[in-house]
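Only one structure is covered here, and it is reproduced in the block below.
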Amino acid sequence: MMSRLTNHEVAEMFSAIADLMEILDEDRFRVQAYRRASDAIRDLLAPLATYRDRGELETIPGVGKAIARKIGELLDTGELQYYNRLQEKVPPGVRELLRVPGIGPRTAGRLYRELGITSLAELKRAAEEGRLATLKGFGTKMIEGILQGISIAERQERRMPLAQALETVQELILALRTAAPALHQATYAGSLRRGRPTVGDLDILVAADDAPAVVRAFTTLPLVARVESAGDEKASILLHNGTQADLIAVPPALWGSALHHFTGSKAHNIRFRELALARGLSFSEHGFRRADGTMLTCATEEEVYAAIDLPWIPPELREDEGEFEAARAGTLPRLVELSDIRADLHMHTTWSDGCADVRTMAEAARARGYSHIAITDHSAYIGLTHGLDAERLHAQRREIAALNAAYAAQGIPFRILCGVEVDITPEGSLALPDDVLAELDIVVASAHIQLRQSSEVATERLLRAVRNPHVDIIGHPVGRMLGSREGAPVDIDALARAAAEHGVLLEVNSGPTRLDLEGPAVRRALELGATIAINSDAHHPDNLDWIRFGVITARRGWAGAAQVANTWSFEALQEWLRRR
DNA sequence: GCCGTTTTCGGCCCGACTGTTTTCAGTCG
């Protein structure tokens, strides 16, 4: 039987294998190998079947002969004998125990072997009935910790969107600055600094002369619900909403090495330390230890990279996905920055489902220093509120023309493009006729309904839109909603090639729950010659600030300013649109 | 199990914090 396993499901299975092997106390390097392969597979853009068909499975980093063979077995049969045998030795529920903070593979293995525990519920009962105390090494504190950990695991903590994490962490840092004024520096690190679409916990780094005092101030903030752990330089706490936040306090002289260490990613750090070791330097958050035992400390990240003769690498690129090679070759891109953005090409007004009128949105954009915007209200289409038909589009166009005339009369260099966000039907046609689209300055085409299509159908749907000569931008191409909806399984390579050929821009939608396209897809699209547009999709003037999240996402895709249409002048954009 | 700017064999990143220990293993990031 041919299986329809997704990359994510295969990655999950290898991750489970690693967990089960670890519970069985098998060789930790073999465990690590399965983890690495799992991570690599999870980040792939193309389906594993494509790699297999091209005989390229072993080009995936971390995948060698043995794992390639297992992937093949999974794709062919939907099953993996090796995994089945592991499951016979360890019931799947035992793996659930790993979700409890403080319980790792060794402990989970003992709980199963010595008490026969195979689920969170059984673990809870055993703790309450006092059976855990019969195990050697299980004191009262340990059991108390496990009981608290179970309730955390049961609450099924969710990853937080980037936008919410940034807001929370800034609040925390402000509170800490107030409570512990003697801070030299304070910032966030971890996956948040790398700009991941969602983050699991918050990492805060501070530089201070009296680290223990800062840690004490942190653990006693009113925002703190519970202290998980606290030492002289580190602490881990839970906020009232269940979010975990970790603090690291270091002397100012160690700021650079500590910031690098706690920014990650894990893969980037491991690779970095290997490169350092090759030069006889052992690297940690405290700096470089030379062979003779002396230390080289770094107050900045630039010094950290310079120690192994590399230029500073932007946090968004730190995934060990080629950034070391690019840094060594001197080909790191100058990434797009928020200050490069001159325009927002996708926003809504009260003409459809927005909160503000055209003038208010325009003024909000002007206040952000933009030179031009596109008003792109929804087209009339089933289920969409107040969509515009040809007649209302004409009326809106007159309003926008009047506004542009008024700006011109006042000598204000600001232009409003008249556009639309037209729906792409499930078959790939557009919800407005071509002659209507032809009259507009700019057309965003987006799919909103029936996103659960096969890869072939979903891709062809977008390709048809790309081939329409009036379409300028494909809006939120895969249509994912973080935490609630997977995106459509669009073939990014095919979309990017077509977009490059037809001069259609691919959107990085900045909505905090979209971030679509996301980083790796942006990178692939740019490699294939496509150009992107970073848009807010604002429905409220304040939403224009979302563009910040889109910029971060584009940076994760290695985007330089020139590859982002929003950084172009009005004239340059006009030229691009004319040439289409 | 993977991998090669010393290696196709012999390595595989580093340290803080905790609990229960009388010196350390397990967990975590």
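In what follows, every chain begins at residue 1, and chains take the letters A, B, ... in the order their sequences are listed.
Distance from the side chain of Arg289(A) is smallest to dG15(B) among dC12(B), dG26(B), dG15(B). Residue Glu233(A) has its side chain nearest to dC17(B) when only dC17(B), dG1(B), dT27(B) are considered. Considering only the side chain of Pro105(A), dT27(B) comes nearest among dT27(B), dG1(B), dG29(B). Of the candidates dT20(B), dT5(B), dG15(B), dT20(B) carries the atom nearest the Lys141(A) side chain, counting heavy atoms from C-beta on. In the set dC17(B), dT27(B), dG29(B), dG29(B) carries the atom at the smallest distance from any side-chain atom of Gln244(A). Closest approach to the Ser284(A) side chain among dT5(B), dC14(B), dT20(B) is made by dC14(B) (side chain taken as heavy atoms from C-beta onward). Closest to the side chain of Thr107(A), from the set dT27(B), dG15(B), dG1(B), is dT27(B). Of the candidates dT18(B), dA16(B), dC12(B), dA16(B) carries the atom nearest the Lys234(A) side chain, counting heavy atoms from C-beta on. Distance from the side chain of Asp201(A) is smallest for dG29(B) among the nucleotides dG29(B), dG1(B), dG26(B). Of all nucleotides listed (dT27(B), dG1(B), dA16(B)), dG1(B) comes nearest to the side chain of Lys70(A).
Under the salt bridge (charged side-chain N to carboxylate O under 4.0 Å, His left out) rule, Arg271(A) has a single partner from Glu321(A), Glu319(A), Glu323(A), Glu325(A), which is Glu325(A). Results of the salt bridge (charged side-chain N to carboxylate O under 4.0 Å, His left out) test with Glu22(A) over Arg95(A), Arg28(A), Arg35(A) single out Arg35(A) as the only residue that passes.
When rounded to the nearest whole Å, the span between CZ of Phe324(A) and C1' of dG4(B) equals 17 Å. Taking atom CD of residue Glu58(A) and atom C1' of nucleotide dG4(B), one finds them 16 Å apart after rounding to whole Å. Between the NE2 atom of His260(A) and the P atom of dG15(B) there is a distance of 15 Å, given to the nearest Å. Across the protein-nucleic acid pair, Ile146(A) atom CD1 and dT20(B) atom C1' stand 13 Å apart, rounded to whole Å. Atom CZ of Arg36(A) and atom P of dC3(B) are 6 Å apart (whole Å). When rounded to the nearest whole Å, the span between CD of Glu228(A) and P of dG26(B) equals 21 Å. The distance between atom CZ of Arg271(A) and atom P of dC3(B), rounded to the nearest whole Å, is 12 Å. Whole-Å rounding puts the Ile270(A) CD1 to dG11(B) C1' distance at 15 Å.
Using a 4.0 Å heavy-atom criterion, one finds that Phe262(A) contacts no nucleic acid atom at all. Across all strands, Phe272(A) comes closer than 4.0 Å to no nucleic acid atom at all (heavy-atom distances). Among the protein residues, Ile248(A) comes within range of no part of the nucleic acid, since none of its heavy atoms lies under 4.0 Å from any strand. Nucleic acid contact class of Lys65(A) (heavy atoms, under 4.0 Å, all strands): sugar-phosphate only. When heavy atoms are screened at a 4.0 angstrom cut-off, Val63(A) is found touching the sugar-phosphate backbone but no base atom. In this structure, Ala37(A) reaches neither bases nor backbone, as no heavy-atom distance under 4.0 Å exists between it and the strands shown. Counting non-hydrogen atoms under 4.0 angstrom, Thr263(A) reaches nothing in the nucleic acid. Base engagement by Arg30(A) is indicated by at least one non-hydrogen atom pair under 4.0 Å involving a base atom.
On the C1' atoms, dA16(B) is 26 Å away from dG11(B), given to the nearest whole Å. dG26(B) and dT20(B) are spaced 15 Å apart, taking the P atom of each and rounding to whole Å. Comparing dG4(B) with dT8(B), their C1' atoms are spaced 8 Å from each other, to the whole Å. The same atom, P, is picked in dC12(B) and in dT7(B); the two are 16 Å apart, to the nearest Å. Between dT18(B) and dT23(B), the distance separating the two C1' atoms is 15 Å to the nearest Å. Rounded to whole Å, the C1' atom of dT5(B) lies 23 Å from the corresponding atom of dG1(B).
Nearest-nucleotide positions on DNA chain B place Lys136(A) closer to the 5' end than the other of Lys136(A) and Gly104(A). Nearer the 5' end of DNA chain B, as judged by each residue's closest nucleotide, is the contact made by Ala235(A), out of Ala235(A) and Asp203(A).
Atom CD of Glu167(A) has 12 or fewer neighbouring heavy atoms from other residues, nucleotides or ligands inside a 6.0 Å radius.
Under the side chain to side chain donor-acceptor pair (under 3.5 Å) criterion, Gln164(A) pairs with no residue, sequence neighbours left out. Among residues two or more places apart in sequence or in another chain, the ring-ring contact (aromatic ring centres under 6.0 Å, His included) test is passed with His260(A) by His268(A), Phe272(A), Phe283(A), Tyr305(A).
When both pairing distances are held under 3.5 Å, dC12(B) makes a Watson-Crick or G-U pair with dG1(B).
OP1 or OP2 of dA16(B) has at least one side-chain nitrogen or oxygen of His286(A) nearer than 4.0 Å. Of the side-chain N and O atoms in Ser282(A), one or more sit less than 4.0 angstrom from OP1 or OP2 of dC14(B).
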message = Run the side-chain contact (heavy atoms from CB on, under 4.5 Å) test on Leu277(A) and Ile308(A) for me, step by step, so that the C-alpha distance in whole Å, both residues' side-chain angles and the decisive distance to 0.1 Å come before the verdict.
response = CA-CA 10 Å; Leu277(A) 269 184; Ile308(A) 62 168; over 6 Å; no

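Relative to the ring axis of Tyr82(A), Lys70(A) places its NZ or CZ within 45° and under 6.0 Å from the centre.
Under 3.5 Å, the side chains of Ser236(A) and Gln244(A) contain a donor-acceptor pair of N or O atoms.
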